[in-house]
J.: 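Starting off with a structure, shown below.
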Amino acid sequence: MNKNSLVLYKNQPAVVTDRDGDKFIIRFCTQPATPGGKKAVYGEQKVREKDVIVLHEGPCSSLETVLSCNLQNLGNQLSETYELLLSDESTAESAVSLSDIAEYTLGDFKADESWALYSALCSDVRFQLSQEAFKNGILNFTLRSAEEIEALNKKQYEKEHEAEIRAAFISRVKARKLNLPDDAKFMGEVEAFALCKTDKSRVLAEAKIPQTIEAAHRLLIDTGIWDFTKNPYPTRFGFSFDSAKEQLGAMPEEERMTVPGLAYAIDSEHSADPDDAVAFDGEYLWVHIADPASSVEPDSKIDIAARDRGTTLYIPEGTSRMLCESCLEDYALGLKEDSRALSFRIKVDEESQIEECEVFKTCVKVKRLTYKYAEEHKDSPELKPLFEIARKNRARREKNGAITIQMPEVDISVDKETKKVTVEPEARLESNEMIAELMIMAGEGAARFAFKNQIPFMYISQEAPEFPDNLPDGWAGQFARIKCMRKRSVGITPAPHAGLGVSFYSQVTSPLRRYGDLISHEQLRAFIDGRRLIQKDDMLERVAAGDAASVAAKKASRQSDTHWKLVYLLQNPDLQFEAFCIDRRGNDALFLIPSLDMQATLRNCSDVKLNDRAELKVSKIDIPEQKVDFSRM
């Protein structure tokens with residue numbers, strides 16, 4: 001860099017006028033001349049060599065000459081240079097210096113012309129300044145491909161014609177005829193609104209469409225952005241379709257009681273996360289539960305992430321787990337020869353009343369069985385005692401006022417490739433009821449254990465319902481009972497659970513998939529180990545946060561189920577369904593369709609009585625509104 005060299009200073013031209021030690025004095029324009037006649041203003045500055053980039057070693061005539069240089073026909077010349085460089089393999093894929101481009105374009109590299117050429121190259125879409133070289137003080141350019149040039153030109157055009165492009169797009173939105181895939185980028189905000197990620201949509205406002213998530217959902221389907229099978233409900237409630245990422249790692253080595261004999265993990269044939277196993281040793285009922293709390297500390301990253309999810313989300317298209325997928329191998333029961341568990345040892349009297357419950361960290365051998373197998377072998381020496389304890393406990397609870405409501409349940413599955421939906425009635429075997437009963441006993445035993453030892457704990461309670469004297473029979477009677485049930489309460493104060501017919505109750509049998517169960521395990525393990533317990537106020541706060549997330553997950557799951565049922569009906573428009581009247585509302589009748597676990601309201605049904613049977617067929621389906629109309633055959 002010499003006197004009268006031309007340099008770039010803050011990406012503007014400057015002339016080196018002198019040197020002062022290790023610094024250079026440069027002259028540059030601080031305010032350009034204006035069309036109104038104001039003259040340009042110039043200034044001087046001392047700079048270090050690294051603060052400038054050499055455009056041309058010089059000498060240049062003057063800064064004014066450089067700024068006023070106007071190269072004639074430069075656009076055409078650059079076109080020829082681009083084609084020439086592109087045709088040569090040595091320059092087509094590699095960087096070309098500013099001086100070489102000047103030689104190709106102008107035949108010479110002159111100081112007074114270097115700024116004009118540099119400016120033209122920077123604004124020419126065919127040439128791209130190499131940023132990496134620029135950082136090192138070198139002015140090199142690369143050639144853009146035809147595809148890159150087309151994309152940049154399109155972007156520039158859209159910028160210059162933004163208003164008319166937008167107006168044309170809104171017209172297509174109103175007509176529900178988009179130009180896809182080009183218009184998809186403009187619909188991103190409508191998707192975000194439909195998924196409850198934003199609270200307003202400019203597109204909807206400009207198209208005079210109501211700003212509701214249902215209207216946005218309908219627009220996305222009508223315009224082909226979404227297929228009608230798209231399930232938005234988990235995302236709307238803040239849930240990911242992916243399982244938790246935080247890794248638990250291998251289960252820590254610690255002292256555990258070895259429980260003799262074999263325990264049975266009885267579940268559906270599709271279950272991938274067995275978290276409970278049961279056994280009877282002749283004196284005690286053992287309920288063994290997966291032990292992720294051995295690795296999850298209160299308020300750790302894993303604990304907080306699980307609290308934010310509240311529960312594992314089960315939806316027809318898959319499972320989004322509260323804890324990471326990889327933890328199942330180490331923590332689920334029956335997947336290895338020896339399973340490590342947190343075990344509830346329960347002693348019961350002749351009527352299955354709990355006399356004693358103790359909690360241990362254990363090592364146990366677990367055998368996995370399906371409900372079907374257990375049903376077929378319920379009189380075997382291993383399983384018969386478990387069925388008998390469950391029957392007696394159910395009788396005890398019913399004697400205490402427990403309320404049993406039997407409503408239909410269905411299993412919904414979705415083929416990931418074809419999106420074809422299958423809806424099948426879920427069989428309820430006595431083996432299902434047996435496991436459910438023993439889990440209730442474990443929850444009752446854990447609650448009694450916590451209360452006895454003054455452990456701050458999560459208790460679940462429910463006030464007794466008030467049933468009318470004239471409850472109908474059949475499905476109508478079951479539905480009437482549901483309407484009378486009180487909402488459950490979750491807190492740290494024990495109270496009776498009238499619906500179950502028990503004085504104390506908590507949930508502790510699913511720590512792999514329910515946060516309330518996980519935090520209860522954390523508390524029980526701390527007590528067993530003699531460590532500091534979570535105090536009442538903190539326990540209440542965590543229980544409330546986990547339960548709120550769990551409630552949201554249940555809503556997401558329920559609405560996902562409804563969504564896929566409607567998709568199933570659209571895929572099978574000719575099906576007819578057996579239905580039963582379960583409620584009367586003036587001249588309207590509410591029907592239950594057992595094979596769908598779905599309810600339907602029919603108008604003007606003055607001739608229908610409770611429990612009357614009817615054949616129904618779909619007449620109209622609205623996916624965004626989650627509504628379906630049926631008519632009687």
J.: Rounded to the nearest 0.5 Å, what's the gap from CD on Glu615 to CZ on Phe591? Could you check?
T.: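 Between atom CD of Glu615 and atom CZ of Phe591 there are 11.0 Å.
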J.: Answer whether the closest heavy-atom distance between the side chains of Ile403 and Phe467 falls below 4.5 Å.
T.: yes
J.: What is the distance from atom CZ of Arg218 to atom CZ of Arg176, rounded to the nearest 0.5 Å?
T.: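 Nearest 0.5 Å value for the CZ-CZ distance: 9.0 Å.
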J.: Please tell me if the side chains of Thr229 and Val414 come closer than 4.5 Å, counting only heavy atoms from C-beta onward.
T.: no
J.: Look at atom CD of Glu164 and say whether more than 12 heavy atoms of other residues, nucleotides or ligands are closer to it than 6.0 Å.
T.: yes
J.: Is there a side-chain contact between Phe241 and Thr235, using heavy atoms and a 4.5 Å cut-off?
T.: yes
J.: Flag this pair as yes if the NZ/CZ of Arg166 is under 6.0 angstrom from the six-membered ring centre of Phe169 and inside a 45 degree cone about the axis; otherwise no.
T.: no
J.: Do Asp415 side-chain atoms and Thr418 backbone N/O form a donor-acceptor pair below 3.5 Å?
T.: yes
J.: Any side-chain heavy atom of Leu602 within less than 4.5 Å of one from Leu616?
T.: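 Sidechains of Leu616 and Leu602: in contact.
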J.: Check this for me, if you would: do Lys620 and Asp622 make a salt bridge, where the nitrogen-to-carboxylate-oxygen distance has to be below 4.0 angstrom?
T.: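 Asp622 and Lys620: not salt-bridged.
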J.: Looking at Arg542 and Asp303, does any basic side-chain N land under 4.0 Å from a carboxylate oxygen?
T.: no
J.: Would Arg321 and Arg309 count as a side chain to side chain contact (heavy atoms under 4.5 Å, CB included) if you check the C-alpha gap in whole Å, the side-chain angles of each, and the deciding distance to 0.1 Å?
T.: CA-CA 9 Å; Arg321 300 191 186 281; Arg309 286 176 178 258; over 6 Å; no
J.: Indicate yes or no: does Lys627 engage Glu214 in a salt bridge with an N to O separation below 4.0 Å.
T.: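 Salt bridge absent between Lys627 and Glu214.
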J.: For Glu206, is there an ion pair with Arg202 - N to carboxylate O distance below 4.0 angstrom?
T.: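 Result for this pair is yes, salt bridge flagged.
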J.: Just how far is it from atom CD1 of Ile221 to atom CD1 of Ile225, taken to the nearest 0.5 Å?
T.: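 The CD1 atom of Ile225 is 11.5 Å from CD1 of Ile221, to the nearest 0.5 Å.
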J.: Charged N to carboxylate O under 4.0 angstrom, Lys565 versus Asp561?
T.: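 Answer for the salt bridge query: no.
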J.: Indicate yes or no for a side-chain donor-acceptor contact from Arg603 to the backbone of Asn587 under 3.5 Å, with no hydrogens or angles considered.
T.: no
J.: Should we say atom NZ of Lys155 is surrounded by more than 12 heavy atoms from elsewhere, each under 6.0 Å from it?
T.: no
J.: Less than 4.0 angstrom from a charged side-chain N to a carboxylate O is my criterion; do Asp183 and Arg172 meet it?
T.: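 Looking at Arg172 together with Asp183, the answer is yes, because their closest N to O distance falls below 4.0 Å.
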J.: When you measure from the side chain of Asp124 to the backbone N and O of Ala120, does any donor-acceptor pair fall under 3.5 Å?
T.: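 Side chain of Asp124 to backbone of Ala120: no pair is present.
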J.: Measure the acute angle between the ring planes of Phe580 and Trp475, then classify it against the limits of 30° and 60° as parallel, tilted or perpendicular.
T.: tilted
J.: Between Asp227 and Lys419, is the closest basic N to carboxylate O distance under 4.0 Å?
T.: no
J.: Do the charged groups of Asp547 and Arg488 touch, with an N to O distance under 4.0 Å?
T.: yes
J.: Can you tell if the side chain of Tyr371 reaches within under 4.5 Å of the side chain of Asp267, non-hydrogen atoms only?
T.: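 The answer is yes, as the side chains (C-beta and beyond) meet within the 4.5 Å cut-off.
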J.: Spell out, as yes or no, whether a donor-acceptor pair under 3.5 Å connects the side chain of Thr312 to the backbone of Met322.
T.: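 It does hold such a pair.
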J.: Can you tell me how the ring of Tyr157 sits relative to the ring of His161, calling it parallel under 30°, perpendicular over 60° and tilted otherwise?
T.: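 Parallel.
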